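Bear in mind the structure is a predicted one, so any value in this text is a computation, not a measurement. In what follows, chains carry the letters A, B, and so on, assigned in the order in which the sequence lines appear, proteins first and then strands, with residues in each chain numbered from 1.
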Amino acid sequence: MKFRLIFVFLLCGLVLAHSPEPPAKAKTYKVAWSVYVGWMPWDYAGHSGILKKWADKYGINIELVRMDYIPSVEAYVAGQVDACVMTNMECLDMPAASGIDSTALIVGDYSNGNDAILTRDNIDIKGLKGKQISLVELSVSHYLLSRCLTMNGLKEKDVNLINTSDADIAPIFLSNSSQKVVVTWNPMVMQVEQAPGINKIFTSADIPGEVLDLMVVNTKTLQADPALGKALTGAWFEVLALISKRGPETDKALEFMASSAGCSAVEFKNQLKTTAMFWTPQAALDFTTSEEIRTKMEFVRQFCFDKGLLGEGSDSADIFGVSYPGGEVQGNKNKVRMRFDASFVKMAAEGSL
Amino acid sequence: MGFFNLLAKPGPKMSWGLGLCLFLLALIAYVAVAESRHRENPDDKVVPTFAKMVDGFYSVAFEKDRNEEYRLWVDTWASFKRVGIAALFLIFAVLLGLHMGLFPYWESLFLKFMLFFDKVPALALLPILFIAFGLGETSKIALITIGVFPTITLDTYLRAKNIAGEQIMKGLTLGATHAEIAYRIVLPQILPDVLDTIRLNFKAMILFLIAAEAVSSDVGLGYRIFLVRRYLAMDIIIPYVIWISLLAFLADAGLRWFIQKKFRWRMQGAG
């Protein structure tokens, strides 16, 4: 009989575990971020209380969660967080390809040298042929390499790719002189190029505006409660305004971001130089509404499709749509999964937040 | 019900039924979650439906990919070689343990080092291994070997140590050489237990294999899992994980069968 009792308890447990939770009164949103120079302002926004100030203004709570990059996007796709920082490429091949309608709320910056191909022994671009190349496959590094090869009349079949974890790629490359070519991003680029005899042969500055760093919000959440978008946008540009000034407060902010990113203030400033930040709402607005962003996104879309990142079964890059502020849509108009939304940035530019 | 009856004897049907019970429950729970997530979002990739996983598995196992390869088999073979070679190195672990358990000088030389070495988390040493052994196969095999070597050595050591001293004395008085005692009397007695320990360490070996392949590789089961994770292809990852589990399970069953057949004299029911 004891067994039956236990069984009943187990059953109750299962039923309870599956019953829907009652909706919470105070809306709390979770926002995931990971370490990258262009995203460190989020950390400072949380640390300095600027984010809380803006959240309070719109009557919500925002909780920042620091994670590793890929796990953070996975958490976003699984619905564990409401918003997450990511590049335009991951936004296409992870949430959008998984059917999560996502809005690029803020285009924060584009990589302008933070991603690079580095070589030993003075190997130049033509010399890449037949070489072994360490990189994180299917990442922005892979995209950069692919663009570099195409622009120089080479094919991916001409090189051998070794998938290498971003956590170990710099020490492994530096300690093995048999490794001739590596593609990676900052801060690893900085660590690698400091060693003697290493050349940067191609960087994201050669393909400006293609690798975008975004704050991405779940479209459903954003439409249900625009307060989240307003608070995030307001806080973001307040922090950027602070960083782009000069003075002791700015230095303190930069120092905080540097130490949080695990580098010195000088190194952090150097990384900022290779990051094309949109310092003002107007700059972000201009880029987001430009023709340029659409042509650049087209490259990324095709790359994702070519590599099978939109799903192995998809037969074209148009399997879902990407929409732009002017109402233009690339791909399937009935299945828009990624939206560049300039309305919040516009409010910030007009000072109406 | 006899769940709390020490002397219960469930019949063969009952035994099988109960054995399958939890598999079935897990399956039902999975399908329920997958269905509910797909109702909300038909393109969900985090919890793929069975149909999607079957498609995913079929395409990696029986269709050529862009490089004209059957991925699953290429990956399996590459990983199998790595684990297989590492497993061969474990012969040395057994021999070392045996010698440590029997010959006091060996014990003095190795025991403290091995006890300490056993506690070192091998995964944390990965970058050093890559520096020492390069990025090729050597470093991956080295990680798997280093990961389980001390455990096997220490287990063999303890078992050799537990052999009754009378047996050794008797052997010596009957004129056996020291080597004969070690290899003809002690080793055959402890071998089935040592093989059992190796069997139980399969899981650790697979973990080390996947960790090594995740760091730097261009082929292998762990490589593929971490690669397709970049676009959330759980419809490939889950079949790969099931495949790895199945292979490990079969290897385990094979070794268990071998032990039972080869060492019939051992007590029934172990393992």
Side-chain angles (χ1 to χ4, degrees), chain A residues 1-4 6-7 14 18 70-71 73-74 77-80 89-90 92-101 132 134 136-139 142 156-157 160-176 178-179 220 304 306-313 319-320 335 337, chain B residues 1-5 25 28-29 32-33 36-38 40-48 52 55-56 58-60 63 65-68 71 126-136 139 211-220 222-224 226-236:
Chain A
M1 284 312 96
K2 253 184 194 165
F3 170 66
R4 261 189 212 167
I6 292 173
F7 185 73
L14 274 175
H18 274 91
I70 289 295
V73 186
E74 284 173 343
V77 174
Q80 299 297 315
M89 194 176 126
E90 268 83 26
L92 278 178
D93 67 40
M94 293 181 79
S98 310
I100 309 288
D101 190 334
Q132 227 181 40
S134 309
V136 179
E137 273 185 67
L138 306 182
S139 69
H142 197 158
E156 204 177 297
K157 285 205 166 136
N160 299 318
L161 304 183
I162 303 286
N163 191 35
T164 307
S165 148
D166 50 324
D168 302 305
I169 197 163
I172 285 175
F173 182 77
L174 289 174
S175 60
N176 284 280
S178 63
Q179 295 277 302
K220 237 190 255 168
C304 289
D306 285 344
K307 294 281 169 285
L309 304 184
L310 304 180
E312 302 273 347
I319 183 162
F320 55 80
K335 221 173 149 187
R337 287 290 160 67
Chain B
M1 297 299 281
F3 255 85
F4 292 97
N5 180 355
L25 258 176
I28 292 171
V33 174
S36 82
R37 284 189 68 104
H38 275 77
E40 237 172 71
N41 169 14
D43 290 335
D44 181 58
K45 282 170 101 177
V46 184
V47 189
K52 278 190 188 168
D55 280 352
Y58 186 84
S59 69
V60 290
E63 283 169 14
D65 68 358
R66 285 156 221 267
N67 300 328
E68 298 290 301
R71 273 188 200 168
L126 254 180
I128 297 182
L129 288 183
F130 280 115
I131 291 167
F133 298 109
L135 285 179
S139 55
E213 289 181 339
V215 171
S216 168
S217 177
D218 58 354
V219 66
Y223 160 79
R224 191 72 56 195
F226 278 86
L227 182 66
V228 302
R229 195 177 159 197
R230 293 242 24 144
Y231 57 104
L232 270 178
M234 291 306 290
D235 56 334
I236 295 175

Given a strict heavy-atom distance threshold of 4.5 Å, which part of [X] is in contact with chain B: side chain, backbone, both, or neither?
| X | result |
| --- | --- |
| A/Glu90 | side chain |
| A/Leu138 | both |
| A/Ile100 | both |
| A/Asp168 | side chain |
| A/Ile162 | both |

### Query
Given that the side chain runs from C-beta out, which part of B/Arg229 has a heavy atom under 4.5 Å from chain A: side chain, backbone, both or neither?
both
To the closest 0.5 Å, what do you measure between [atom1] ([X]) and [atom2] ([Y])?
| X | Y | atom1 | atom2 | answer |
| --- | --- | --- | --- | --- |
| A/His142 | B/Leu227 | NE2 | CG | 9.0 Å |
| B/Asp43 | A/Asp101 | CG | CG | 11.0 Å |
| A/Asn176 | B/Ser216 | CG | OG | 9.0 Å |

### Query
Does a side-chain heavy-atom distance below 4.5 Å link B/Arg230 with A/Val136?
yes
### Message
Please identify, among B/Val46, B/Leu232, B/Asp218, the residue contributing the most non-hydrogen atom pairs under 4.5 Å to chain A.
### Response
B/Leu232
### Query
Based on non-hydrogen pairs under 4.5 Å, which of A/Lys157, A/Arg337, A/Glu137 is most in contact with chain B?
A/Glu137
#### Entry: B/Tyr223 backbone acceptor or donor facing A/Asn163 side chain under 3.5 Å
no
### Query
So which heavy atom on B/Lys45 is nearest to which on A/Ser98, and how close?
CD-OG, 3.3 Å
### Closest contact, heavy atoms only, A/Ser165 versus B/Ala214
CB-O, 3.8 Å
